[in-house]
2 protein chains.
Amino acid sequence: MGEKRKPSGFLLKQRAFLKLYLITMTEKKRLYGLKILDELREEFRPFGYRPNHSELYKALHDLIKEGILRQVKRKKEGTEFQEVVYYQFVDYEKAKKYKRQLKAELDRSKAIIEKALKDNY
Amino acid sequence: MGEKRKPSGFLLKQRAFLKLYLITMTEKKRLYGLKILDELREEFRPFGYRPNHSELYKALHDLIKEGILRQVKRKKEGTEFQEVVYYQFVDYEKAKKYKRQLKAELDRSKAIIEKALKDNY
DNA sequence: TTATGAACACCATGTTCATTT
DNA sequence: AAATGAACATGGTGTTCATAA
């Protein structure tokens with residue numbers, strides 16, 4: 001029946017990581033899906049991390065389902081016809097709460113990695 | 001055909017993490033599967049990470065397939081009959097090489113997490 | 001009951017396809 | 001071609017079952 005699998009509690013998942021960035025980027029500037037993807041790929045290139053477009057859209061859709069973001073379809077800056085999907089907050093309190101949770105997850109993940117570096121080298 | 005999927009390069013995987021610990025623990029003392037599991041669970045309890053037994057065995061079997069470790073069936077210390085499986089190195093150079101690779105992976109993962117903490121908080 | 005292992009099922013994520021502009 | 005989205009496929013990992021001592 002409604003049996004749920006409990007995670008082992010290893011490092012945080014990519015999906016959650018992307019959702020965190022999406023919230024922060026929405027706080028800072030107006031961006032749409034593929035533009036966000038470009039920016040993240042650029043930022044993380046030096047780290048060998050290259051997210052794919054599907055994963056990013058899934059993260060976006062998660063945030064919408066959770067009532068944190070909503071879509072706003074608008075003409076892309078500078079163009080005449082191309083419509084793109086921007087995002088804005090529906091419930092900023094929820095967004096902040098999510099960020100707080102993720103802070104804990106990041107700290108925890110960092111601690112696990114640091115312990116491994118200490119224990120094995 | 002032999003199409004392989006390329007990873008996005010996010011954080012390191014649990015399996016690799018466990019393999020690293022298995023190598024280091026084999027360097028230090030004679031242990032068998034479930035004992036290793038107990039120890040790891042104890043060590044990572046404060047971090048909310050609790051690996052399961054199957055994943056640990058899979059990591060062990062990986063190392064065997066890769067020619068790094070081999071099994072040695074022995075009577076469990078202090079008991080008369082219970083046979084358990086200990087491990088020893090087949091190719092210690094390979095083991096060291098793997099550790100070197102994982103060091104890079106851990107550093108990379110740590111850097112990604114630290115960047116996220118810096119970017120989002 | 002402890003120990004090892006494999007089978008199985010589910011979840012996370014990468015690849016491909018469809019549609020629109 | 002750029003953008004969004006969904007369908008599909010595969011890989012990672014948690015749960016369950018089998019077997020032995």
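Naming convention: chains lettered A, B, ... in sequence-line order (proteins, then strands); numbering from 1 in each chain. Just the heavy atoms: all of them, side chains too, but no hydrogens, waters or symmetry mates, feed the values below.
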**Prompt:** Of all the nucleotides listed (D:dG5, D:dT13, C:dA6), which has the minimum atom distance to the side chain of B:His53?
**Reply:** C:dA6
**Request:** Using the closest heavy atom to pick a nucleotide of DNA chain D for each, name whichever of A:Lys73 or A:Lys6 lands nearer the 5' end.
**Result:** A:Lys73
**Side-chain donor-acceptor contact under 3.5 Å, A:Tyr21 with A:Glu43** = no
**Request:** Using atom CZ of B:Arg41 as one end and atom P of C:dA3 as the other, report the distance to the nearest whole Å.
**Result:** 12 Å
**Message:** Please determine whether a side-chain nitrogen or oxygen atom of B:Gln71 lies at a distance below 4.0 Å from atom OP1 or OP2 of C:dT4.
**Reply:** no
**Request:** Kindly indicate, with the supporting measurements, whether the criterion side-chain contact (heavy atoms from CB on, under 4.5 Å) is fulfilled by B:Lys19 and B:Asp62.
**Result:** CA-CA 8 Å; B:Lys19 283 161 73 178; B:Asp62 270 14; 3.8 Å; yes
**Message:** Expressed as a whole number of angstroms, how long is the span from A:Glu55:CD to D:dA6:P?
**Reply:** 14 Å
**Interatomic distance where CG belongs to A:Leu12 and P belongs to D:dT13 [whole Å]** = 13 Å
**Message:** Considering every strand and a 4.0 Å limit on heavy-atom distances, what is the contact class for B:His61: base, sugar-phosphate, or nothing?
**Reply:** sugar-phosphate
**Prompt:** Roughly, in whole Å, what's the span from CD1 in A:Ile64 to C1' in D:dA6?
**Reply:** 14 Å
**Message:** Just the rounded figure in Å: distance from P of D:dG11 to CZ of A:Arg15.
**Reply:** 19 Å
**Request:** Pick base, sugar-phosphate or nothing for A:Tyr49, based on heavy-atom distances below 4.0 Å to the nucleic acid.
**Result:** nothing
**Request:** Return yes if the base of D:dT13 and the side-chain atoms of A:Arg5 contain a donor-acceptor N/O pair under 3.5 Å, otherwise no.
**Result:** yes
**Asked** If you look at every strand shown and take non-hydrogen atoms under 4.0 Å, does A:Lys58 touch a base, only sugar-phosphate, or nothing?
**Response** base
**Proximity to the side chain of A:Val85 - top-ranked nucleotide from D:dT4, C:dC11, C:dG14** = D:dT4
**Fill in**
note: B:Leu60, atom CG; C:dA6, atom C1'; distance rounded to Å ~ 15 Å
**Asked** Given atom CG of A:Leu56 and atom C1' of D:dA2, what is their separation to the nearest angstrom?
**Response** 15 Å
**Request:** Go through D:dT4, D:dT13, C:dG14 for me and flag the one nearest to the A:Tyr57 side chain.
**Result:** D:dT4
**Asked** Does A:Ser8 make a side-chain N or O approach to OP1 or OP2 of D:dG14 shorter than 4.0 Å?
**Response** yes
**Asked** Under 6.0 Å between ring centres, would you say that holds for B:Phe44 and B:Phe17?
**Response** yes
**Request:** May I ask you to check whether A:Tyr98 and A:Glu66 show a side-chain donor-acceptor distance below 3.5 Å?
**Result:** no
**Message:** Side chain of B:Ser54, heavy atoms from C-beta onward: which of D:dT15, C:dA3, C:dG5 has the nearest atom to it?
**Reply:** D:dT15
**Item:** Minimum-distance nucleotide (side-chain atoms of A:Leu34 versus D:dG12, D:dA3, C:dT15)
**Value:** D:dA3
**Message:** Does C:dA3 have its OP1 or OP2 closer than 4.0 Å to a side-chain nitrogen or oxygen of B:Tyr32?
**Reply:** yes
**Message:** From C-beta outward on B:Tyr87, which listed nucleotide comes closest to its side chain: C:dA3, D:dG14, C:dG5?
**Reply:** C:dG5
**Request:** Among the candidates C:dA12, C:dT15, D:dA3, find the nucleotide nearest to the side-chain atoms of A:Lys13.
**Result:** C:dA12
**Asked** Do the side chains of A:Arg15 and A:Glu55 get nearer than 4.5 Å, heavy atoms only?
**Response** yes
**Request:** To the nearest Å, give me how far apart CG (A:Asp38) and P (D:dA3) are.
**Result:** 7 Å
**Asked** Would A:Lys73 count as a cation-pi partner of A:Tyr86, with NZ or CZ less than 6.0 Å from the six-membered ring centre and within 45° of the ring normal?
**Response** no
